[in-house]
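What you see is a predicted model; the values in this text were computed from it and never measured. All values below come from the heavy atoms of this structure, side chains included, with hydrogens, waters and symmetry mates left out.
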Amino acid sequence: MKIKLIFILSLLIITSCYSSFSFNIAYNGKPCCNIILSENATKAEQYSSVILTKYLKDMTGADFKIISNPKVNIHNIYIGKTASKMIIPDYDWSMLTPDSILIKFINNNLIIAGGEGSGCIYATNTFLDEYCGVKFIKYQEEYIPKKPTLSVEEKDQEYISPFYVMRHPFFTSMNLYWRHNLATKSNGNTPPIPAEYGGNVDILGFCHTFWELINPSVYYKDHPEYFSLIDGKRSNGYVQLCLTNPELIQTLTNNVLKWIEANPDRKVISVSQNDSWGEDKTSCQCETCKASNEKYGKSGTLILAINQVAKAVKEKYPDKYIETLAYQYSRPAPKGGVVPEDNVIVTLCSIDINDIYAIDEPINKAFMKDLKEWSKICKHLRIWDYVVNFGDYSTLKPNFHVLQRNAKLYRDNNVVAVFSHGCSGNYNGPLEYYKQYIIAKLLWNPDIDFDKETKDFMEAYYGPASKDMFDLVKYINSIMIKSHNECPKWTSNNWIKVFNILKDALKKTENTMYYDRVKFDMLCFYGTFARVDTKVQKEAKKHIKLFKDNEEARKEIVAFLPKNGFTQYAEPAAMNKGIFYYGISGEKATDTPKECKELKEGIDFVQYNAWDIDNLFGGYDYAMKWNDHYAYKNKCQWLSAEKQDWYLQKDLSSLYEDKTIKTGDVYVSYKVIPLEKVGPCVEFGVYNKDQKGLIQKQITSESTNGEYKSVYMGTIDFANTTKDTYLYFAGLGDPTTAPGIYMDRVYIIFHR
């Protein structure tokens, strides 16, 4: 009787494992098949077999064997083309381009394979995702369903993304973990993916490389003619190049060839215009450039120069590509028959479109025209897309409703690569992980079921609040489709609805791991709401009972967001800028410093406001002017802790005209957002050009806890120094001590 029962149970298991309606992988925690890997498997195929067995075990509890010589050619999973040739010897593998995938069910066997490179790994992760329900929701985190009994639908796939050259959702957290990029089939610049697993498209120089390749500090003295002629004078600033100068082109070519020689593993080299706004003040106005622009268009002048570099590169390195930008003034396609060389990649940038609308809507007709014209002449067309609020990373970019439509339009216009520029300074932002997840999906397949993929993510990331968060995205989409307005233009009823959804989501996630995820999004939404029209706020607050006032909300936001991956406020800054808008200080800087309360300004002391300080950099990466509600007169200058350069300076020569001033005590009012590591973070100094040395220098490690604080930095002996004296301010080259320094004024107390 016992033997008969065992036989019946065994028969049930065998019957389950060999069902004709689906491919059965596990039954009650026991494997129904083996994993077949050739003894000659590639590294990518070996990696595929490892991740497949790992995830299948995590799902089912079953221990799957990886073998090379199956005893029975039935009900096995064959990994890679080297193993698959055992059962499909006549398959034409040349049809599979490097990143393409093959998932095929044949004679009760399953083949998971792909083209050379990452194809097999992509196929494996596609199988785990689309067939088994594993969701790769963010870096180092995935959702793995528990299915002791697992069977999958027998549905073949043979597929390659239309964006086969590059698929790059450019978000900070997507740039960290190469295994996650392989899982999401993203292959952009970062992070480096091991070459044996397919590698990634790492563009040498990344972008805006004229400055690196032909820097004025190296070439201007002997060759001012290399640089833009502006208002009758050759400029040595951050401008464009004189692209009709043959000698400049030769020097540019030589430097590109040197770059390649020093970086032989890079296949794409950026030779692209500087990131300088205002074409009339940065582009060359010489007669030959003007004539070329008239005949070929400004992009035509650019492409003619790039083509010369590309031809020289092709002769020596036929496998390399030159990438350049169609950006701002060079965005329209060339005229006069100018066509990019076959080894040129043109990156068309959409920075100046209205990106709340799809690119084929009337408001963006100029960009759509440019896209169509470039697609006709460019063999390798890449898109630089923008999917974030650069001015404020903490506010939602409500453009979900156009993402799929745009992806299809890019595909239909022969685009082969897409760079989706998201938040590049934080690990997290409002609905950030959802946005990067859905963009990665679209860059692989623009025809996805958008709602299904959204639901899948919400269930994996928000758990019991998944329906609320799905409804939130749908509601945002409905508002945007009707109004085409940004978040700040929403009505009070819109905000009431949003916060009611978020409050319900918070309630459902109490005492779970999902609570902080919902709370993060809620605080980002509230931070946006706190800055909208006061009439809208006033009406909405009658129904929104989240905080006593905006100050209470601000404190909660500042305390909570950095702990959950939000540390940078806006794009125009180095990566360590820190939360600027919300500040930290709860006290506004007073009109008169405490050291000067009994003194008369102009007689006993002089005060320089932040915007009176010269910003020698003139850009935005390492020093810039900002508005800050807590600063004196609401203005400050931000200085990166990442660099040691003296970007901020103040000339004191005018003070030497008053011969009664003997000495002056110098104070600087600044704030530093605290980090866990305490250490030197900012340098103040007084420099005299005649003496060619420092008069005073002070380095401080004092954290101001986000409050503006006056610090004595030394005394200047006006009687014994010359008028060529100035103050300077600099970071110390260590961003781990502070995300940035914010200075709102300098004052000097006189002693006569």
Leu472 side chain near Tyr434 side chain, heavy-atom distance below 4.5 Å: no
Short N-O contact, Glu510 and Lys507, less than 4.0 angstrom: no
Do Glu142 and Arg179 have side chains that approach each other closer than 4.5 Å (heavy atoms only, starting at C-beta)? no
Testing the 3.5 Å rule here: is there a donor-acceptor pair between the side chains of Tyr632 and Gln607? yes
Heavy-atom side-chain contact between Met480 and Asn399 under 4.5 Å: no
Determine, stepwise, if the pair Tyr143 / Asp456 fulfils side-chain contact (heavy atoms from CB on, under 4.5 Å). CA-CA 10 Å; Tyr143 168 76; Asp456 286 349; over 6 Å; no
Taking the six-membered ring for Trp, are Tyr667 and Tyr747 parallel (under 30°), tilted (30 to 60°) or perpendicular (over 60°)? parallel
Distance check, rounded to the nearest 0.5 Å: Asp614 atom CG versus Leu648 atom CG? 9.0 Å
Nearest heavy atoms of Ser299 and Pro332, plus distance in Å: OG-O, 2.6 Å
Could you go step by step and tell me if Tyr462 and Tyr514 meet the ring-ring contact (aromatic ring centres under 6.0 Å, His included) rule? CA-CA 5 Å; Tyr462 293 106; Tyr514 305 103; 8.1 Å; no
Could you check if a side-chain atom of Thr491 sits within less than 4.5 angstrom of a side-chain atom of Glu539, using non-hydrogen atoms only? no
Do the side chain of His401 and the main chain of Ile356 share a donor and acceptor less than 3.5 angstrom apart? yes
Polar side chain donor-acceptor pair, Asn181 to Ser186, under 3.5 angstrom: no
Can a salt bridge be assigned to the pair Lys452 and Glu459 using a cut-off of 4.0 Å between side-chain N and carboxylate O? no
Please tell me if the side chains of Phe419 and Arg167 come closer than 4.5 Å, counting only heavy atoms from C-beta onward. no
Geometric class of the Tyr139/Tyr433 ring pair [parallel <30°, tilted 30-60°, perpendicular >60°]: tilted
Could you check whether Asp471 pairs with Lys467 (Lys NZ or Arg NE/NH1/NH2 to Asp/Glu carboxylate O, under 4.0 Å)? yes
Test item: His421 side-chain N/O and Phe170 main-chain N/O as donor-acceptor pair under 3.5 Å: no
Test your reading of the model: is there a side-chain donor-acceptor pair from Arg411 to the backbone of Ala407, 3.5 Å cut-off? no
Quick check against the 3.5 Å criterion: does Gln404 have a side-chain atom that pairs as donor or acceptor with the backbone of Ile448? yes
Contact summary for Val402 and Asp355, nearest pair of heavy atoms: CG2-O, 3.9 Å
Just by modelled atom types, is the Ile439 backbone N or O under 3.5 Å from a matching donor or acceptor in the Ser420 side chain? no
How close do Ala505 and Asp468 get, heavy atom to heavy atom, and via which atoms? CB-CB, 3.9 Å
Inspect the contact between Lys671 and Asp744 and indicate whether a charged nitrogen and a carboxylate oxygen are less than 4.0 angstrom apart. no
Distance col, row Tyr708:OH vs Tyr742:OH, nearest 0.5 angstrom, shows 8.0 Å
As a quick check of understanding, evaluate side-chain contact (heavy atoms from CB on, under 4.5 Å) for Ile479 and Ile476, giving each step before the final call. CA-CA 5 Å; Ile479 296 171; Ile476 291 169; 5.6 Å; no
In Å and rounded to the nearest 0.5 Å, what is the CZ to CD distance from Phe457 to Gln436? 7.5 Å
Output the distance between atom CD (Glu601) and atom OG1 (Thr592), rounded to the nearest 0.5 Å. 7.0 Å
Work out which heavy atom in Leu325 is nearest to a heavy atom in Cys349; give both atom names and the distance. CD2-SG, 4.1 Å
Hey, is Lys563 close enough to Asp516 for a salt bridge, meaning N to O under 4.0 Å? no
For Lys597, look at atom NZ and say whether over 12 heavy atoms of other residues, nucleotides or ligands are found less than 6.0 Å away. yes
What closest approach, in Å, do Asn406 and Ala358 show between heavy atoms, and which atom pair accounts for it? OD1-CA, 3.5 Å
Taking NZ, NE, NH1 and NH2 as the nitrogens, is one of them in Lys435 or Glu432 under 4.0 Å from a carboxylate oxygen of the other? no
Polar contact flag, side-chain donor to acceptor under 3.5 angstrom, Lys535-Ser492: no
Judged by atom type as modelled, is there a donor-acceptor pair below 3.5 Å linking the side chain of Asn494 to the main-chain atoms of Trp490? no
Using side-chain contact (heavy atoms from CB on, under 4.5 Å), reason through His168 and Asn187 one step at a time and then give a plain yes or no. CA-CA 6 Å; His168 192 175; Asn187 66 340; 5.9 Å; no
Centroid separation Tyr327 to His208 less than 6.0 Å: yes
Got Lys503 and Leu546 here, is their nearest side-chain heavy-atom distance under 4.5 Å? yes
Just so I know, are the side chains of Phe520 and Phe566 near enough to count as touching, which here means a heavy-atom distance under 4.5 Å? yes
Pairing of Glu141 and Lys135 as salt bridge, 4.0 angstrom limit: no
Residue pair Leu561 / Cys524, side-chain heavy-atom distance below 4.5 Å: yes
Hey, can you tell me if Tyr386 and Trp384 have their rings parallel, tilted or perpendicular (30° and 60° cut-offs)? parallel
Out of curiosity, Met743 CE to Tyr670 OH, how far, rounded to the nearest 0.5 Å? 12.0 Å
Looking only at heavy atoms, which two atoms of Met469 and Asp521 are closest? And how far apart? CE-OD2, 3.7 Å
How are the rings of Phe529 and Phe499 set relative to one another: parallel (under 30°), tilted (30 to 60°) or perpendicular (over 60°)? perpendicular
Applying salt bridge (charged side-chain N to carboxylate O under 4.0 Å, His left out) to Lys441 and Asp129, what does each step give before you reach the verdict? CA-CA 11 Å; Lys441 288 281 187 179; Asp129 176 354; 2.3 Å; yes
Would you please say whether a donor-acceptor pair under 3.5 Å links the side chains of Tyr238 and Asp275? no
Might you work through the salt bridge (charged side-chain N to carboxylate O under 4.0 Å, His left out) test for Asp352 and Arg331, ending with a clear yes or no? CA-CA 10 Å; Asp352 40 10; Arg331 200 189 79 185; 2.9 Å; yes
Hey, is the main chain of Trp611 close enough, under 3.5 Å, to the side chain of Asn609 for a donor-acceptor pair? no
When rounded to the nearest 0.5 angstrom, what distance separates CD1 in Ile501 from CZ in Phe470? 11.5 Å
Passes side-chain contact (heavy atoms from CB on, under 4.5 Å), Val418 versus Met166? Steps please. CA-CA 6 Å; Val418 177; Met166 177 191 282; over 6 Å; no
Using 4.0 Å as the upper bound for N to carboxylate O, is an ion pair formed by Asp360 and Lys365? no
Give a yes or no on whether a salt bridge exists between Asp612 and Arg745, defined as a side-chain N under 4.0 angstrom from a carboxylate O. no
